[in-house]
Protein chains: 2
Amino acid sequence: MAEIDPYACLKLENQICFPLYACSKEVVRKYKPFLDELDLTYTQYITMMVLWDKKQMNVKEIGKCLYLDSGTLTPLLKKLESKGYITRHRSKEDERNLLIKITPEGEALKERAVAVPAQMGKCFDLDPKEAKLLYDLMYKLLDTFHTEE
Amino acid sequence: MAEIDPYACLKLENQICFPLYACSKEVVRKYKPFLDELDLTYTQYITMMVLWDKKQMNVKEIGKCLYLDSGTLTPLLKKLESKGYITRHRSKEDERNLLIKITPEGEALKERAVAVPAQMGKCFDLDPKEAKLLYDLMYKLLDTFHTEE
DNA sequence: TTCAATCGAATTGTACACAATTATTTTAGG
DNA sequence: CCTAAAATAATTGTGTACAATTCGATTGAA
């Protein structure tokens, strides 16, 4: 009969979070060659994604969509501004709000960006059922974390 | 009949990678209060995990386990050394290898660390079947990424 | 009305994460 | 034996992440 290891839970192969953490990093690495063509990092890419959808938002709203805070977004948005893809202006109605607006150049980038999801899809060896499963599991966890406090 | 949006693939809610990225970050954030008690960051914690298992490794081997390179590990290992949990010495047989050894203090930390997985488990609203599913999906993806090139 | 509480963004400080480069050591081919 | 190639860490530079703090603007209760 096998001895029970009281520290088995501390082995990397028994962890559920570690493969999640590692997988996330590897996925972002996979994006790199495709995003390099657009001169975007992964975080800049998903930021553009919310702006392609909404056209105008403040920093707080973007942060809520992406689970990021102003400490991450402020320098990132300045970068996107310097590339000419967005503008940053204070709201007239409430000076606390910094309005982020997409520019025509930012809109144009969308044309080239549509290629990325297709290219990434080829790197994923998941059938539609598995992909849906993964998607639902991730959002279930995100919801749990969000509603807990 | 609904119009087909050629840019639908660029919407955040149609992305499979984004919830993975967001979930990974949120999980690491969940660890923080528990790891703060051990004065460890998440990356330091998983590094200790491989050393609790193997006692002695070089930087390359640790990096292979954790999917990290020396640019990340070198400063992190110096930090763990300064905390007294590991030692860093060049191998006598091959001076290129930096041998990382766990100290008695590092071993002792294991006693307090066993509490962490149990505490984290309570934050996860997944039944065993879902957890297994997630685990297998993550390793399937990691394997794909690894064997592709 | 007024001022304390709140809010949104920016800043600061610490810690990854990784590509690219460098330095040192070892190995192997001629 | 000697030198070119390979291997291993460390370093450098850029870009996140996030907690904590600060700052200015706004709001709401006395």
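Residue numbering restarts at 1 for every chain, and letters A, B, ... go by the order of the sequence lines.
If you take CG of B/Leu98 and P of C/dT25, they are 14 Å apart, rounded to a whole angstrom. Atom NZ in B/Lys64 sits about 13 Å away from atom P in D/dA9, given to the nearest Å. Between A/Asn97 atom CG and D/dG24 atom P there is a gap of 17 Å when expressed in whole angstrom units. Rounding to whole angstrom units, CZ of residue A/Arg90 and P of C/dC7 are separated by 17 Å. For the pair B/Met57 CE and D/dT8 C1', the computed distance is 15 Å after rounding to whole Å. Between the CG atom of A/Asp36 and the P atom of D/dG15 there is a distance of 12 Å, rounded to whole Å. If you take CD1 of B/Ile62 and C1' of D/dT8, they are 13 Å apart, rounded to a whole angstrom. One atom, OH of A/Tyr31, and another, P of D/dT16, lie 15 Å apart when rounded to the nearest Å.
Side-chain atoms of A/Asn58 and A/Asp94, non-hydrogen and from C-beta on, never get closer than 4.5 Å to each other.
At most 12 non-hydrogen atoms from other residues, nucleotides or ligands lie less than 6.0 angstrom from NZ of B/Lys132. At most 12 non-hydrogen atoms from other residues, nucleotides or ligands lie less than 6.0 angstrom from CD of B/Glu37.
Residue whose closest nucleotide on DNA chain D sits further toward the 5' end, between A/Glu95 and B/Asn58: B/Asn58.
Closest to the side chain of B/Arg96, from the set C/dT27, C/dG8, C/dA9, is C/dT27.
Classified by interplanar angle (parallel below 30°, tilted 30° to 60°, perpendicular above 60°), the ring pair A/Tyr45/A/Tyr31 is tilted.
Residue B/Arg88 places no side-chain N or O under 4.0 Å from the OP1 or OP2 atom of D/dT8.
The minimum heavy-atom distance linking A/Gln44 with A/Lys83 is given by the pair OE1-NZ, 3.4 Å. Shown here for B/Leu12 and A/Tyr139, the closest heavy-atom pair between the two residues is O-OH, 4.2 Å.
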If a protein heavy atom is under 4.0 Å from the base, mark B; if only from the sugar-phosphate, S; if neither, -; do that for nucleotides 11-22 of chain C going 5' to 3'. B---SSBBB---
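Within 4.0 Å (heavy atoms only), A/Glu61 reaches no atom of the nucleic acid at all.
Judged by a 6.0 Å distance limit and a 45° cone about the ring axis, B/Lys110 is positioned over the six-membered ring of A/Tyr7.
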